[in-house]
Amino acid sequence: MSFDGIVTRAVVHELNQVLSGGRITKIYQPADLELILHIRSQGKNHQLLLSAHPAFARVQLTKAKADNPSEPPMFCMLLRKHAEGGIIESIHQVGMERIIQIDFRTRDELGDVVKRRLVMEIMGRHSNIILLDPEKNVVFDGIRRVSHAISKYRQIYPGVPYLEPPSQGKRNPLTADKNTFISGFDYNGGRLDKQIVARFTGISPLLAKEIVEQTGPGSRDQLWETFSSYMERAREHDFRPVIIKAKQKSYFYVWPLSHLDGEIQSFPSISECLEHFYYGKAQRDRIRQQTHDLMRKLKNEIEKNTKKIEILQNEINQADKADQYRMFGELVTASLYQIKRGDTEVKTINYFDPETPEVTIPLDPTLSPPENAQRYFKKYNKLKAAKKWNTEQIEKAKEENLYLESVLVQLENCSLREVEQIRDELAEQGWLKRQSNKRERKRKDVPAPLKVISGDGTVILVGKNNKQNDYLTHQLASSTDTWLHTKEIPGSHVVIRSKQVTDQTLLEAAMLAAYFSKGRESSRVPVDYTLIKHVKKPSGARPGFVTYENQKTLYVTPEEEQIKKILERQPE
């Protein structure tokens, strides 16, 4: 992984410069495996993110706003008890491992000054955040508890001694000398980059490959010189964080990696690099996990409706025979004098055709002539009624699919709090069962659309779900505000809160409308815009559904970088 010991060293160096001596003022746990520490240091407020996510584990400073649960988890409560108000004394890395220890002093229940340690272990799916007493080396608790059944070597739960993760027997690359480095390789074994990774702690395959690539087919001395130059830069904290986009994939590291041969984007700090690289990834993954069952249900309903529409349309096509059945009924009635019970057909002149051809009409031999005529009239009436009913049901199924597709789009772009609003909406619409009484007793959140500031200072509001869309368009917005929505594509309602709208603001609002829609991955997405006074909600319409007129259309391409810059301009 890119987050190796060298990246950890860069993070620790930055955190010491920014947070050392700072006071921990607030602690939140926005997700099961993530913490946000608010720290006041050097006259400024900072947010420190600690994540033990199995795929996105990391430590970094962050400016992102996170949704926090109304009831904090137990580990968060424990940290608040032991860490809030604490003063950070040191932040250090264990060797060149991906382990960061944050030592702080605080006061216990008796008011005595005590030391506590927060340990961040970045180890893929085994990542963890652990609070312990460094003097007694006893664990208070971990954000992920590890029992004896999970690991016989080390357990993480209250009261057990803390053991560091088992050593892999590798050497510290910062203290390696030339003779030890050169003599330790099997030069006939090939893949020197793999050997570097196997011998030295904290070096990822990315860096090892870069060292070998930079050396080329040179001598052993040249391999040492390349290796040594990178380690010297690490010792001196000479870092240049970058994100490299190569072969439709992105990588981050503390230095450019020429062997990837891609587009390089530089950053002034490792935290800004990580913030940019992981932007939205962990939250989208978390939301996908929490909404997997819901999205599967909605997709199943859409698929059922699609099949239903196909079946009903086929029945409508069959209903085209209705007029023929009516004609047969009329002709049988006109020919009653020549039909007797037991006949299987009757041949008569088709008076409905200008050319009056002879037509053969099948009969039911068990029915009397009048009953045969009535049989055709009943078929005619049944098909005629079915055609009308099927047409209504097709329109209903199409409307349902349009609504459900809009909800799917909203689930892909929502926060955890907004997931609950969407579940409430679906329960109100009858798509989900209502939750327990405890859930019903909870105070319902007032819809809070996303609020950003355009480049010229104008307020833009975005509805992230149908409740927010309805509230934004029909209650919050003024009649002279400008309303935007993707043309014939499920998406969010967007409102510009101004009578006079500049081209820049209109373009940014249109890009937001395209980004928060089903067309976010497309180019030249059509976005309609008009004044709020021209937007109406039909009586009995589903949440989020409107009709509008006097619109104009813009075509925009929602580019991730531009959207990110717009979303960063959220008011405090």
Side-chain angles (χ1 to χ4, degrees), residues 296-408 426 428-433 487-490 518 526 536-549:
R296 185 178 60 215
K297 177 178 176 59
L298 296 182
K299 288 177 180 177
N300 287 341
E301 292 294 337
I302 290 173
E303 186 176 347
K304 282 165 59 178
N305 274 340
T306 301
K307 291 180 179 179
K308 178 180 178 181
I309 290 170
E310 184 179 347
I311 292 170
L312 293 174
Q313 188 60 55
N314 288 335
E315 290 181 359
I316 287 178
N317 295 337
Q318 292 294 320
D320 291 340
K321 295 181 179 179
D323 289 337
Q324 183 185 42
Y325 290 142
R326 182 184 63 81
M327 179 188 71
F328 282 179
E330 296 284 0
L331 293 177
V332 169
T333 301
S335 305
L336 289 177
Y337 67 93
Q338 66 183 81
I339 305 172
K340 59 182 181 295
R341 184 185 291 271
D343 287 347
T344 59
E345 62 179 34
V346 61
K347 292 182 180 180
T348 185
I349 300 298
N350 182 3
Y351 300 105
F352 296 95
D353 190 323
E355 298 181 3
T356 62
E358 186 178 64
V359 62
T360 300
I361 302 173
L363 299 175
D364 186 339
T366 64
L367 300 179
S368 67
E371 289 173 340
N372 266 294
Q374 287 302 313
R375 173 169 161 264
Y376 278 116
F377 285 131
K378 286 180 181 178
K379 282 187 176 183
Y380 163 70
N381 290 325
K382 182 178 180 181
L383 287 177
K384 185 178 178 181
K387 186 173 183 178
K388 181 182 177 182
W389 187 86
N390 283 15
T391 301
E392 293 172 352
Q393 292 302 307
I394 286 174
E395 288 304 312
K396 181 180 178 182
K398 285 181 177 179
E399 288 178 6
E400 286 182 355
N401 275 3
L402 188 63
Y403 170 72
L404 295 174
E405 285 174 358
S406 74
V407 176
L408 279 176
L426 290 171
E428 291 170 4
Q429 295 297 311
W431 293 102
L432 294 178
K433 291 182 180 178
K487 184 176 183 178
E488 299 177 355
I489 300 174
K518 193 175 180 180
K536 308 296 179 185
K537 184 179 180 68
S539 177
R542 291 187 180 276
F545 182 81
V546 295
T547 59
Y548 55 92
E549 58 188 7

**Student:** Answer whether the closest heavy-atom distance between the side chains of Ile489 and Pro526 falls below 4.5 Å.
**Tutor:**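 Yes. Closest side-chain heavy atoms under 4.5 Å.
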**Student:** Between Val407 and Leu426, which heavy-atom pair has the shortest distance, and what is it?
**Tutor:**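 It is CG1-CD1, 4.2 Å.
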**Student:** Backbone N or O of Lys378 within a donor-acceptor pair of the Asn381 side chain at under 3.5 Å?
**Tutor:**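 Flag not set: sc Asn381 to bb Lys378 has no pair under 3.5 Å.
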**Student:** Is the shortest heavy-atom distance from the side chain of Arg375 to the side chain of Tyr325 under 4.5 Å?
**Tutor:**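 Side chain of Arg375 against side chain of Tyr325, heavy atoms only: no contact under 4.5 Å found.
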**Student:** Do any side-chain atoms of residues 296-305 form donor-acceptor pairs under 3.5 angstrom with protein atoms, and if so which ones, sequence neighbours left out?
**Tutor:**
from	atom 1	to	atom 2	distance (Å)
Asn300	ND2	Arg296	O	3.3
Asn305	ND2	Glu400	OE1	3.1
Asn305	ND2	Asn401	OD1	3.1

**Student:** Side chains of Ile316 and Gln313: does their closest heavy-atom pair fall under 4.5 Å?
**Tutor:**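 Sidechains of Gln313 and Ile316: in contact.
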**Student:** Check this for me: Glu310, atom CD, are more than 12 non-hydrogen atoms of other residues, nucleotides or ligands nearer than 6.0 Å?
**Tutor:**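 Open.
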**Student:** Taking the side chain from Lys398 and the backbone from Gln393, do they hold a donor-acceptor pair closer than 3.5 Å?
**Tutor:**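 Side chain of Lys398 to backbone of Gln393, a donor-acceptor pair under 3.5 Å: no, none is there.
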**Student:** Tell me the closest heavy-atom pair linking Arg542 and Trp431, and the distance in Å.
**Tutor:**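 Shortest heavy-atom separation between Arg542 and Trp431 comes out as NH1-NE1, 3.6 Å.
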**Student:** For residues 332-339, dump all side-chain donor-acceptor pairs below 3.5 Å to protein atoms at least two apart in sequence or in another chain.
**Tutor:**
from	atom 1	to	atom 2	distance (Å)
Thr333	OG1	Gly329	O	2.8
Ser335	OG	Leu331	O	2.9
Ser335	OG	Thr348	OG1	3.1
Gln338	NE2	Lys347	O	3.2

**Student:** For Glu345, does the CD atom sit with more than 12 other heavy atoms under 6.0 Å from it, leaving out its own atoms?
**Tutor:**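 Above 12, so yes.
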**Student:** Looking only at non-hydrogen atoms, find the nearest pair between Ser368 and Arg341 and report the distance.
**Tutor:**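 Nearest pair, atom of Ser368 first, then Arg341: CB-NH2, 3.4 Å.
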**Student:** Say you draw a straight line from OG1 of Thr356 to CD1 of Ile349; how long is it, rounded to the nearest 0.5 Å?
**Tutor:**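 Reported value, rounded in 0.5 Å steps: 6.0 Å.
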**Student:** Spell out, as yes or no, whether a donor-acceptor pair under 3.5 Å connects the side chain of Asn390 to the backbone of Leu312.
**Tutor:**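 The answer is yes, because a donor-acceptor pair under 3.5 Å joins these two groups.
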**Student:** Look up atom NZ in Lys384 and atom CZ in Phe377, then write down how far apart they are to the nearest 0.5 Å.
**Tutor:**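 Output value for this atom pair is 12.5 Å.
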**Student:** Could you tell me if the side chain of Thr547 sits less than 4.5 Å from the side chain of Phe545, heavy atoms only?
**Tutor:**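 Touching, per the 4.5 Å side-chain cut-off.
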**Student:** Before giving the answer on side-chain contact (heavy atoms from CB on, under 4.5 Å), spell out for Lys388 and Glu392 the whole-Å C-alpha distance, their side-chain angles and the decisive distance to 0.1 Å.
**Tutor:** CA-CA 6 Å; Lys388 181 182 177 182; Glu392 293 172 352; 3.6 Å; yes
**Student:** Please find the pair of heavy atoms, one from Ala541 and one from Lys537, that lie closest to each other, and give the distance.
**Tutor:**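 Smallest heavy-atom distance, with atoms named: O-NZ, 3.7 Å.
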**Student:** Could you check if a side-chain atom of Tyr376 sits within less than 4.5 angstrom of a side-chain atom of Ile361, using non-hydrogen atoms only?
**Tutor:**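 Sidechains of Ile361 and Tyr376: in contact.
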**Student:** Looking at OH of Tyr548 and NZ of Lys487, how far apart are the two atoms once the value is rounded to the nearest 0.5 Å?
**Tutor:**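 Tyr548 OH to Lys487 NZ: 7.5 Å, rounded to 0.5 Å.
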**Student:** Going by salt bridge (charged side-chain N to carboxylate O under 4.0 Å, His left out), name the residues that satisfy it together with Lys379, two or more places apart in sequence or in a different chain.
**Tutor:**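 None.
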